[in-house]
Structures are given as C-alpha cells and as structure tokens.
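Below, each value reflects all heavy atoms present in this structure, side chains not excepted, and no hydrogens, waters or symmetry copies. These numbers were taken from a predicted model, which means no experiment stands behind them. The first residue in the sequence is number 1, and the count goes up from there.
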Amino acid sequence: MANSQAIAMDNITRQPQPQGKVFIQRDYSEGCGVKFSTKLPQELADRIDETRFEFTISKLNEFYAEAERLGARTYCESCFACLTAYTVLMCMTTHYDKCVKKAGLFIQQQNDDIYAPRGLVITDPFTRGLRVVEITVYPTGT
C-alpha cells in the first residue's frame, strides 16, 4: 500500500502546476438568466483567438438558456414531480438536467480539442454554482 501511495504522489508532482486562473463573470445586462460575458479576457489573448472563445461562451449561453426555457414539457415535469412528492425525479431526468449535461459534454469536448492543447482548461460553470466560467492556465511547451 505504501508503494501505491508513493506512485500516486509521484504522479501528482509530475503534473504541471497552474500559472493562474481567469474568471469569466456572469452578464446581468439582460436580466438574471444564466449568461456569461463573451468578451475575451486580456490574459487569454495570446493563447486563443477571439472567435473560438466567443463561440465557446456563446454555445454555453445557448445551453443554459435552453435549460431555463419554460414550456409545456417543463410544466408537466413540475406538476408530475409535485403530484409524486418529487420521488419521480429519482427515476427520470428533467429537461434542465439534460441541458446541463449537454453543456458539460460540450465543455469536455472543447477542452480536449481546443483549450487543452493551448494550456487552458475550462471548468464546468455548474460546479461553480453557475456564477463564473473558470479557466485554468497551465504553462505551454513553447
């Protein structure tokens, strides 16, 4: 067991340490809905081009807007949950949960294809209470 702990600690020490974090704040200019600012922070200007960054944030904004959109399905889900004392939510996935999961998968795909090769990692805003998009900056190989 001590050997496996030593190997785990060795793996941790080999991982690059982050240089810093950049936070993309929520944009409240159009109300309280979940929407993040699409303006490229100056700290990321040398790592990623503005159009790719704007696409990523705009797509996230679309996922969260869809999650919060009210419709017949959302009302039916809510009524059914209320009628079953919310126990039905243990058996079904709500529209909101599906949209949040799509956003998480999109972030993972963007990290793998675009951000990680540039030394950046986006943290799912859902894990931060939908307050900020956190981007961790790692040293690049160049």
Side-chain angles (χ1 to χ4, degrees), residues 1-82 84 86-142:
M1 180 151 169
N3 190 25
S4 64
Q5 288 177 342
I7 291 171
M9 289 303 292
D10 189 41
N11 287 338
I12 290 171
T13 57
R14 280 194 222 158
Q15 293 176 351
Q17 296 300 313
Q19 289 179 330
K21 295 184 181 207
V22 177
F23 297 96
I24 312 303
Q25 300 296 323
R26 288 243 324 240
D27 180 5
Y28 291 101
S29 65
E30 296 176 18
C32 292
V34 177
K35 182 179 177 189
F36 297 99
S37 175
T38 57
K39 186 176 183 282
L40 179 68
Q42 189 63 33
E43 298 91 350
L44 302 179
D46 62 335
R47 298 281 187 114
I48 191 158
D49 62 280
E50 191 170 354
T51 55
R52 285 182 193 237
F53 178 80
E54 285 179 5
F55 169 77
T56 301
I57 301 300
S58 295
K59 193 72 172 166
L60 281 177
N61 288 338
E62 288 175 24
F63 283 122
Y64 294 124
E66 176 63 27
E68 293 183 347
R69 193 166 290 127
L70 297 176
R73 178 182 176 156
T74 307
Y75 288 120
C76 288
E77 284 176 352
S78 297
C79 289
F80 193 51
C82 189
T84 62
Y86 296 93
T87 57
V88 73
L89 296 180
M90 292 186 291
C91 305
M92 72 179 234
T93 306
T94 65
H95 173 69
Y96 183 85
D97 291 335
K98 288 177 185 176
C99 291
V100 168
K101 184 175 181 174
K102 281 185 204 174
L105 293 172
F106 174 73
I107 290 169
Q108 184 61 47
Q109 179 264 328
Q110 290 290 292
N111 277 335
D112 293 343
D113 298 344
I114 297 170
Y115 289 87
R118 291 171 171 79
L120 304 170
V121 176
I122 300 175
T123 302
D124 190 344
F126 195 74
T127 64
R128 300 292 183 258
L130 296 174
R131 293 174 293 124
V132 295
V133 176
E134 179 182 312
I135 302 175
T136 306
V137 180
Y138 289 94
T140 57
T142 58

Can you tell me if [X] uses its side chain to pair, donor with acceptor, with the backbone of [Y] under 3.5 Å?
X	Y	result
Arg131	Arg128	yes
Arg26	Cys32	yes
Asn111	Ala116	no

Heavy-atom closest contact ([X] atom, [Y] atom, distance):
X	Y	answer
Glu134	Thr136	OE2-OG1, 3.8 Å
Ile57	Ser37	CG2-O, 3.5 Å
Phe53	Tyr115	CA-OH, 3.5 Å
Leu40	Ala45	CD2-CA, 3.9 Å
Leu130	Phe36	O-CZ, 3.9 Å

As an exercise, state the distance from [atom1] of [X] to [atom2] of [Y], rounded to the nearest 0.5 Å.
X	Y	atom1	atom2	answer
Thr38	Glu54	OG1	CD	5.0 Å
His95	Glu66	NE2	CD	4.0 Å
Ser78	Arg73	OG	CZ	11.5 Å
Leu44	Leu120	CG	CG	6.0 Å
Thr84	Leu89	OG1	CG	6.5 Å
Phe63	Glu68	CZ	CD	14.5 Å

* Does one side chain, of Thr127 or Asp124, offer a donor that lies under 3.5 Å from an acceptor on the other? ->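 The answer is no; no qualifying pair exists.
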* Give a yes-or-no answer on whether the side chains of Thr94 and Glu77 include a donor-acceptor pair shorter than 3.5 Å. =>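 Their side chains do not contain a donor-acceptor pair, so the 3.5 Å distance test is not met.
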* Go through the steps for Gln110 and Ile107 under the test side chain to side chain contact (heavy atoms under 4.5 Å, CB included), then give the verdict. => CA-CA 5 Å; Gln110 290 290 292; Ile107 290 169; 5.7 Å; no
* Hey, are the side chains of Glu43 and Val137 touching, using non-hydrogen atoms and a 4.5 Å cut-off? ->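 They are not in side-chain contact.
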* To do: Might you confirm whether atom CZ of Phe80 has over 12 heavy atoms from other residues, nucleotides or ligands at distances under 6.0 Å?
  =>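 No, because the 6.0 Å sphere around CZ of Phe80 holds 12 heavy atoms or fewer from other groups.
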* Pick out which of Ile135, Ile122, Thr56 makes a side-chain contact (heavy atoms from CB on, under 4.5 Å) with Ile24. =>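 For Ile24, the side-chain contact (heavy atoms from CB on, under 4.5 Å) check succeeds only for Ile135.
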